[in-house]
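Note sheet for the following structure.
Nothing fancy with the numbering, it's 1 onward along the sequence. Computed over heavy atoms, backbone and side chain alike; hydrogens, waters and symmetry mates excluded. For ligands, and for the atoms within them, numbers begin at 1 and follow the listed sequence.
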Amino acid sequence: MTVCNARPGPAFPVPGTVILMSRATLDKDPREVASMFDGVARRYDVTNTVLSMGQDRYWRRATRKALGIGAGEKVLDLAAGTAVSTVELGTSGAWCVAADFSVGMLTAGQARKVPKVAADGTRLPFGDNVFDAVTISFGLRNIANRGEALREMARVTRPGGRLVVCEFSTPTNRLFATVYKEYLMQALPRVARAVSSNPDAYVYLAESIRAWPDQAELAHQIAGAGWSAVRWRNLTGGIVALHAAYKPQR
Ligand SMILES: C[S@@+](CC[C@H](N)C(=O)[O-])C[C@H]1O[C@@H](n2cnc3c(N)ncnc32)[C@H](O)[C@@H]1O
């Protein structure tokens with residue numbers, strides 16, 4: 001099924017240009033971010049599973065359940081990368097489309113038989129109110145203008161439709177939070193060096209997680225983008241949080 005034509009925005013490199021960035025900075029320049037993910041795409045799935053010690057599967061399952069989707073519904077999985085998250089959503093019976101602006105990531109997931117669209121999350125190539133639910137896993141943190149992305153997600157969701165944001169967050173136990181920060185800055189880049197196709201990108205990952213707002217602040221930002229009844233649930237002691245919300249009925 002074809003739902004749209006991709007509408008490449010400024011994040012897509014102009015043909016003929018070569019971007020040599022191996023990692024993005026916290027400015028999150030869209031070209032640098034897309035290029036960095038192109039660079040990790042080949043071994044993205046395995047690196048994720050190793051770095052999260054297998055927890056990624058549990059986080060994806062919890063995201064699907066929190067979204068409460070089922071057969072007959074249309075779901076957008078934004079910043080879907082290799083579409084591993086989209087496949088998990090699809091086990092609900094809902095029709096799920098993967099959207100991402102890294103063509104490298106989408107291509108690395110080409111064996112996954114779900115519809116894929118190359119699209120910038122801040123300029124989605126979909127009409128208003130077309131999805132029953134929208135979700136983004138480990139993607140919002142990488143989008144430079146997260147307010148714009150949250151508003152775009154609201155635009156394409158029908159009134160009363162659901163949002164779930166799955167993202168790294170702040171561990172609730174202080175002692176554990178200290179150990180975890182150490183893991184992020186010391187061990188994570190080292191482990192990534194052994195498994196990833198672009199280990200430098202995992203320095204960015206550690207930095208971006210540390211700079212990310214905590215659960216309450218992110219809930220506030222989601223509400224500020226027009227979503228209602230925002231609440232969250234911690235997974236794995238707050239390493240990850242699921243924020244859920246509705247698009248207001250009006
Ligand atoms: C860490 S990966 C997450 C992939 C997948 N959702 C998962 O759970 O494995 C983050 C993804 O966000 C995408 N991304 C970042 N900024 C984006 C934007 N502005 N529009 C679309 N995708 C974006 C990247 O290309 C990358 O594939």
Side-chain angles (χ1 to χ4, degrees), residues 6-13 19 21 23-52 54-64 66-67 75-90 96-110 112 114 116-126 134-153 156 164-168 188 192 196-198 201-202 204-209 212 235 240 242:
R7 198 179 56 180
F12 292 80
I19 297 176
M21 286 298 303
R23 58 168 287 210
T25 64
L26 290 184
D27 293 343
K28 300 173 191 173
D29 176 272
R31 283 167 192 270
E32 291 178 6
V33 172
S35 162
M36 179 185 73
F37 279 103
D38 285 347
V40 298
R42 195 170 48 83
R43 295 186 59 80
Y44 173 81
D45 293 340
V46 66
T47 308
N48 251 0
T49 302
V50 171
L51 291 179
S52 71
Q55 290 285 295
D56 56 330
R57 290 180 192 143
Y58 157 59
W59 298 334
R60 293 185 201 296
R61 258 198 324 273
T63 301
R64 169 177 52 76
L67 209 49
V75 180
L76 170 63
D77 184 18
L78 181 58
T82 60
V84 61
S85 44
T86 323
V87 167
E88 174 61 43
L89 296 170
C96 306
V97 59
D100 200 287
F101 74 176
S102 161
V103 175
M105 289 288 274
L106 292 170
T107 305
Q110 65 190 352
R112 299 199 166 102
V114 292
K116 301 182 189 73
V117 174
D120 184 340
T122 60
R123 293 166 30 122
L124 288 171
F126 303 107
V134 178
T135 184
I136 181 164
S137 298
F138 309 108
L140 193 58
R141 185 175 26 86
N142 298 297
I143 299 184
N145 191 334
R146 87 183 68 110
E148 214 173 319
L150 287 166
R151 282 189 294 277
E152 266 299 84
M153 286 190 269
V156 301
V164 170
V165 176
C166 171
E167 191 48 88
F168 290 113
L188 185 143
S196 171
S197 48
N198 179 7
Y202 289 84
Y204 160 82
L205 172 69
E207 287 173 353
S208 68
I209 294 173
W212 188 244
L235 302 178
V240 165
L242 298 182

Inset, instruction - Establish, from distance only, whether the side-chain atoms of Thr122 and Asp120 form a donor-acceptor pair under 3.5 Å. - result: yes
Legend entry - Nitrogen or oxygen of Thr122 less than 3.5 angstrom from that of ligand 1: no
Inset, instruction - Provide the number and element of each atom of ligand 1 under 4.0 Å from a heavy atom of Val84. - result: 9 (O)
Inset, instruction - For residues Thr63 and Thr135, determine if any side-chain heavy atom of one lies less than 4.5 Å from a side-chain heavy atom of the other. - result: yes
Legend entry - Contact check, Asp120 vs ligand 1, heavy-atom distance below 4.0 Å: yes
Legend entry - Proximal ligand 1 atoms for Gly81, defined as those under 4.0 Å from one of its heavy atoms: 4 (C), 27 (O)
Inset, instruction - Report the member of Ala118, Ala79, Ala119 with the shortest heavy-atom distance to atom 21 (C) of ligand 1. - result: Ala119
Inset, instruction - List the steps and the verdict of side-chain contact (heavy atoms from CB on, under 4.5 Å) for Asp100 and Phe37. - result: CA-CA 10 Å; Asp100 200 287; Phe37 279 103; 5.8 Å; no
Legend entry - Within-4.5 Å side-chain heavy-atom neighbours: Leu78 and Met153: yes
Inset, instruction - State if Ala80 counts as touching ligand 1 under the rule of any non-hydrogen atom under 4.0 Å. - result: yes
Legend entry - 4.0 Å heavy-atom contact, Arg141 with ligand 1: no
Inset, instruction - State, yes or no, whether a side-chain contact exists between Ile136 and Arg146 at a heavy-atom distance under 4.5 Å. - result: no
Inset, instruction - Look at the rings of Phe168 and Phe138 and say which category their plane angle falls in: under 30° parallel, 30 to 60° tilted, over 60° perpendicular. - result: tilted
Inset, instruction - For the residue pair Ser85 and Asp77, confirm or rule out a side-chain donor-acceptor distance under 3.5 Å. - result: yes
Legend entry - Per-atom contacts, ligand 1 versus Asn142 - under 4.0 Å to a heavy atom: 10 (C), 15 (C), 16 (N)
Legend entry - Numbered atoms of ligand 1 (with element) below 4.0 Å of Ser102, judged on heavy atoms: 25 (O)
Inset, instruction - Examine ligand 1 and decide if any of its atoms is less than 4.0 Å from a heavy atom belonging to Ala41. - result: no
Inset, instruction - Look only at interatomic distance and state if Gly121 has a nitrogen or oxygen under 3.5 Å from any nitrogen or oxygen of ligand 1. - result: yes
Legend entry - Under 4.0 Å to a heavy atom of Met105 - the qualifying atoms of ligand 1, by number: 27 (O)
Inset, instruction - Check whether any side-chain heavy atom of Arg60 lies under 4.5 Å from a side-chain heavy atom of Val84, and answer yes or no. - result: yes
Legend entry - Check: Leu124 and Leu76 side chains under 4.5 Å, non-hydrogen atoms: yes
Inset, instruction - State the atoms of ligand 1, each with its element, that fall below the 4.0 Å cut-off from a heavy-atom position in Val33. - result: 15 (C)
Inset, instruction - Select the closest option to atom 14 (N) of ligand 1 among Phe168, Trp59, Phe101, judged by heavy-atom distance. - result: Phe101
Legend entry - Any Asp56 side-chain heavy atom under 4.5 Å of Asp45 side chain: no
Legend entry - Atoms in ligand 1 with a heavy atom of Arg60 nearer than 4.0 Å: 7 (C), 8 (O), 9 (O)
Inset, instruction - Using a 4.0 Å heavy-atom threshold (strictly under), name the region of Asp77 that reaches ligand 1: side chain, backbone, both or neither. - result: neither
